[in-house]
Structure formats: structure tokens, C-alpha cells
Trainee: 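Structure in C-alpha cells, see below.
Protein chains get the first letters and strands the later ones, always in sequence-line order, with residue 1 at the start of each. No hydrogens, no waters, no symmetry mates; every other heavy atom, side chains included, goes into these values.
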Amino acid sequence: MSLPSLKLIDALTTPEGTVVAGADFAAGQNIDIDETMVTAPTDRLVNIAFAVANLKLIVILSSVDMTIETNSSSSPTNVLTLLANVPLIWRYDGYETNLITADVTRIYVTAAAAGTLRIRAVVDPTP
Amino acid sequence: VIVSFTHTAIRQLDIAEGSFGGSSSVSASGVVAVEEVVPAQSATGLDSTLRINAPRWDGSRLKSLWIYSTEDVTISTTPSDAGSTSNSVISGTSVASFELVGLLPAASGGLRFWHPMSATVVFADCFNYEDTLDNAVPLIGSEGWTIITGTWTAGGDNASCTPVDGLNVALQDIGITAGSLQATVTIPDGYFKGGVCFLAAEDGSTYVYVRLNYTADGTTVDVVSVVDGEATHIDGGYDGPDQFGGANSKVQIQVVFYPDGDDTTKLSVLAGVNCDTHTRYNCSPGPFTYTQTPTFAGLVIEHDDDAYPEAMGLYDFIASDSTVSANVSKNHLVVLPAGESSTRLTAKIPFAIPPGTVPVGVKCEVNCHGSDGNQRISSAKVMKNSADTGTGLSGTPATIANGSDSYAVTGGASNLGGATLLRSDVNRQIPQQWDSTSTPTGSFGVSFVVNNTDDTVQTVFVSNVRITVYYAAYTPTSVTLSGGIPYRWMEGDYYDCLFTEDVENGFTVVSDNSSDASITIRALVDSGSP
């Protein structure tokens, strides 16, 4: 039984109409995190791990402005600054450089208010 | 009324338990929408290219961008055309070189050669170079000529060549219809060091055979030349012994004349053994080189001989300057004899395109007028040195009709450059598109053929030969799009936009795929205040 694929939809509505592009992502490992934080988190540990080289797709969405530090709260490898309800999306076949530059063993979350963090990732565990 | 357009981006992930994502919107007053088809790769294997001219925006005002292709393509911003404000004139080290072959009529003018740079002048031969030296006088004042300073520094033992009068003419104005002509000149001890000048005229296709016999050592030098209605010099002395001379040395000049089937053709021969009363400089075996640095101000060569025209070669006038390149300017005054004589003036202006920049245009400007006010340049061509890399320039030579006010413009073939010829009182320029994919180095050249078809001596003044190379001030942004994967960016995105430069001249899309590619571009741009 294979894991369900994730379908990424990109759409842009313009005065000339709407353009849409979609793509399915599937691999041997899916990472799903839905973490509700009832209080404003400060360096809250969230366990998530993947090898960045194996990453196919990652979508990170926070309901509040949030800072995510990878691997260490005191000396993070990467710092991601999320805007509320603006998903951070990276796809391996896209055009942008991944903001996550090294393997992730855990993340630390800081926000000024309570909120929800959702992460979906597709990882190929046997690249 | 301020019109505002809006782009709303939706990025959504559909998963088993539903979907999540977000949307964001930006508004601005300008909108761009392009939908085009890039043809598939041709059967010959050449890339298919589509030039999209429409998009044009200031990079800092871009708010939203969506580019989508159904097939793999490479999309690049197109460099701006020459002359736009974002271009820069090429700068850097440059060397300018002129080659000028002229004919100096007897006592009728001169050859003025001026360049405000350090220079090396090489005379290919030494015919009457004494005249050259003696009359290389500066002109001061209204014409702007600057005093020539420095010393002729040719090598050799000048003192050993004692001047002798009366040997300048061995054969003179002898009309013959066929056969040979022979004369012998006795060279006093130690005087002759080579250099024999022949001038022939009156026939357009005469074949002249010249034999020089150096009786002192038995050396024989055969020189052949086709006289094609022009004065011709034969520098047979160069091939002779370098130190020819000695007691009772003689030079035997034999001219064998073959008319071209017309028995009435006459040949007038002026021949001279070049050893006269002037102080001689060693100019054998040539070339004679003059070097004056660092401030070679100019050179004026005037011919004051009242009897004999002089054929003279002046080659490889090379001026170099480490600071001037874009606007190399020269002045030439060429005196042309009456009839069909012509001279060719060639300017080469090397350059190097700076790495990371893209040449986008080249133009050439020339001022030219004859002494009677008529245009005398009959053809001109801007070309790229064939030995250089990069894309060459070509074009049909321009012709300026004698006395005409019309100006033909060369070039314009595909993406190549051309030349614009200008009258001295007109400034016109036609920038030409450069192949944006090339990175040429080397030199541009512009050559002119100056004809005088009048029955009087004309003075042709060619000045301000200026070749300007433009290059784009930025390297075009190029992105390889994968078919079916949109490039999308919106202000406030987590990633920087890949197209950060101003898009001034649209996009160039290249497809190497076997299928047509449909391109969709959507952009939202703040048009700002007018």
C-alpha cells in the first residue's frame, strides 16, 4: 500500500483570468505535523527529522507569525520567519533554493501568540 | 482616475484530510499579460527562439510574476538596444591603427597625418624619405596641429651615405610602344643603399618587367609589377645587397615593356636611384621606423619636389593610448592625383568586451569631404576582424555619391552592425543591434575606398573616424523553465524574485524541445508616477 500523494495547487487570479498549475508529490515517506499551541511558544521543541537531500516537497503553514529554528534554539542551523497564513513551500523541481540548507533533526518554535503549526513534507527515504 | 489591478495567488496543498494553504494579493496600476507559442526545435536541430517584446518594467516596481511553459524552455531577459540609457560605452585599453597608402603629387600638396597619441610610424620604403623628413614640419595655429617634437631615430650609419646630386633620374618620360628600356646609373663609392623608384602611367593594363643588375657584385634582382593605371613604385632595392656600393658600382635598370595588345600604348617611365643631396638616413633594407613617445603630436609630410611625383607607402601608423578607446579620433588629409587613382584608408580599433557584459550595438561615424566640397568616399565597410572570435559585422558598403547629400547606410543584416557615413556638418548615427549571444573580442575595423574621378587633383579630408561599441550594463537574467512547473513570485514571498533586473526589452525564449511550447506570462507592475 502506497502512501497518499500530496497535490500542490498553484493558482493566480489576474484581470485576464485565472491560471492554475498542479503537481502531485509522492515518495516513501510523508511527514505530517499539526501542532496546536495554546500559549505563545518560546523555543518550543517539535520533533521532526529528515535529510534535506531527500526532501521532495515541504509546506509549512502557521496561523500566526512564527520563527522556526532548526536543530538548535541557541545556535540554529537555519532560521525561518513565517508570516501568518502564508505558506512556505519548497519543491525539489522548482526554481528557488531551499531555505533549509542542512539536515533537520528537530525544530524550535517561537511566536508571540498561540496558534497552529502545520507541516507536510514528502521525503524519499531511499534516494 | 487611478486604475488598480490585482493579482491573487493561491498556494494550496490537497491532502487526504482536506486541504490547507493560503492566499495573498497585491495590487498595482500596471498589468502585463503575454501568451505566445515557442515553435518546436527545427528539423535541422537549431534552437527555436521567440522574441517577446511586450514586457517592459522597472525591476523595483514588479509586484507579481507568473511564467508558465508547457515544455522545457529557457527564458531570458533581452538586453536593451544600443543607445538606451542603461548602456555604457565600452572603455578600457584600446589601440588604434591606421593604414594609409597615398600618392603624393609633385609639388601639389602633402600628406598630413595626425593623431594625438604616442605613435610608431613605419615607412615601407625609403623613397625620397629625405623629403619626408625635411618637410615633416609642424603646423601651428588655426588648424590645430601640434608641433612635432622628437628626433628621427632610424638606425644605420647615416654619415656613410654621402649625398650626391644628379642621380635622381635615370629614365625619364620616355615614350615607348614596346620593347625594353635600359639605363645605367653609376653609384659612387659607398653611396647607394638601395631604393629605386619607378613611376609608370598612361596605361591601364601594362605589364612592366624590371631588372636591376648590381654590377658591383653581380647580383641581379628581378622585379615585376603590374601597372594598372596608377603610379607604382618598385622597391627592388630592398632585395639587393644591403651594403651595395663601392668603387664604380652601377645599377642597371632595365624595363621590359609588354603592351596589352595595343601597339599604340605608351609607357612613360620615371625611374630614379634614390641618392641625392640630402643627408641620408639609413633606410635600407627597410622598413624605416619612426618612434616618438610618449607625446607624438603629429606628423605632416609634404612633398616639395617640383618635378616628380612620389609613390609613398605609409603603413602601420599605430597609436596607442591606455585611456582613450571609445572615441578614437583621427584626421587624415589625402591628396589624390587626377584621374582614377584611389587610396584606401583603413582604421582598426581593437576592443575587448568586458566579461559579464553583452555587446548590443556598434556604430561608426566618419566625417569626410573633398576639397571641392563633394563627398569622396565611394565605399565603406565596418567589419569585424575575421581572426577574432565572436560575431562579425557585415553589410553592404555605403556609397556617397559625388556631390550628393544622400547617405547610404551599411549593415543592418540580421543582428549585425553597420556603418553610418556622415558629412562633416551632419551628425547621424544608426545604432545596430548586436548579437546578444556573442562575447566578441578583438577589433572592429572600418575601411574606406576614396576615389577621385575628377580631372583635377582633389584633397580628401577624412576625419573623426569613430567606432563606438555599446554593451549592456547588465547580464540578462536567464531561467530554465521546466514544462508544467510555473515560476511564480509575489511581493512578500519568502524567496527573492529571479528577475530582479529591469526588463527593458522583453524576453527571449529558446526551446530545444520537439514540441511547441505555450508560454504564459502574467506580471503586475506599479507603473508609478509619470
Trainee: As an exercise: rank A/P87, A/A11, A/P15, A/P4 by heavy-atom pairs under 4.5 Å with chain B and give me the winner.
Mentor: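 Of the options given, most contacts go to A/A11.
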Trainee: Can you name the residues that form a side-chain hydrogen bond (donor to acceptor under 3.5 Å, both in side chains) with A/R44, not counting sequence neighbours?
Mentor: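 In terms of side-chain hydrogen bond (donor to acceptor under 3.5 Å, both in side chains), with neighbours along the sequence ignored, A/R44 is linked to A/T39.
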Trainee: Report the C-alpha separation of B/I519 and B/V34 in whole Å, then their side-chain angles, then the decisive distance to 0.1 Å, and conclude whether the side-chain contact (heavy atoms from CB on, under 4.5 Å) test is met.
Mentor: CA-CA 8 Å; B/I519 299 291; B/V34 173; 5.6 Å; no
Trainee: Of the non-hydrogen atoms in A/V122 and A/A26, which two are nearest, and what is the gap between them?
Mentor: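 So the two residues come closest at CG1-C, 3.8 Å.
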Trainee: Heavy-atom distances under 4.5 Å only: say whether A/A23 touches chain B with side chain, backbone, both or neither.
Mentor: neither
Trainee: Side chain, backbone, both or neither: which part of B/I485 has a heavy atom under 4.5 Å from chain A?
Mentor: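 Its backbone and side chain both get close to chain A.
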Trainee: Does any part of the side chain of A/L99, heavy atoms only, come nearer than 4.5 Å to the side chain of A/L80, both counted from C-beta?
Mentor: yes
Trainee: I'd like to check the side-chain hydrogen bond (donor to acceptor under 3.5 Å, both in side chains) partners of A/T105; sequence neighbours left out, ordered by chain and number.
Mentor: A/N71
Trainee: Is it the side chain or the backbone of B/L524 that comes within 4.5 Å of chain A heavy atoms, both, or neither?
Mentor: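 Interface part for B/L524: neither.
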Trainee: Do you know which two heavy atoms are closest between A/A49 and A/I31, and how far apart they sit?
Mentor: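 Distance-wise, the nearest heavy atoms are O-CD1, 3.8 Å.
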Trainee: Give, for atom CG of B/L13 and atom CG of A/L57, the distance between the pair rounded to the nearest 0.5 Å.
Mentor: 6.0 Å
Trainee: What pairs with A/D103 under salt bridge (Lys or Arg N to Asp or Glu O under 4.0 Å), at least two apart in sequence or on another chain?
Mentor: none
Trainee: Every donor-acceptor pair from chain A to chain B under 3.5 Å, please, each on its own line.
Mentor:
| from | atom 1 | to | atom 2 | distance (Å) |
| --- | --- | --- | --- | --- |
| A/K7 | N | B/D14 | O | 3.1 |
| A/K7 | O | B/D14 | N | 2.7 |
| A/I9 | N | B/Q12 | O | 2.7 |
| A/I9 | O | B/Q12 | N | 3.0 |
| A/D10 | OD1 | B/R11 | NE | 2.5 |
| A/D10 | OD1 | B/R11 | NH2 | 3.3 |
| A/D10 | OD2 | B/R11 | NH2 | 3.1 |
| A/A11 | N | B/I10 | O | 2.9 |
| A/A11 | O | B/I10 | N | 2.8 |
| A/T13 | N | B/T8 | O | 2.7 |
| A/T13 | O | B/T8 | N | 2.9 |
| A/L83 | N | B/Y494 | OH | 2.9 |
| A/V86 | O | B/Y494 | OH | 2.8 |
| A/I89 | O | B/Y495 | OH | 3.0 |
| A/Y95 | OH | B/S482 | N | 3.0 |
| A/Y95 | OH | B/S482 | O | 3.4 |
| A/Y95 | OH | B/I485 | O | 2.6 |
| A/R120 | NH2 | B/E17 | OE2 | 2.7 |

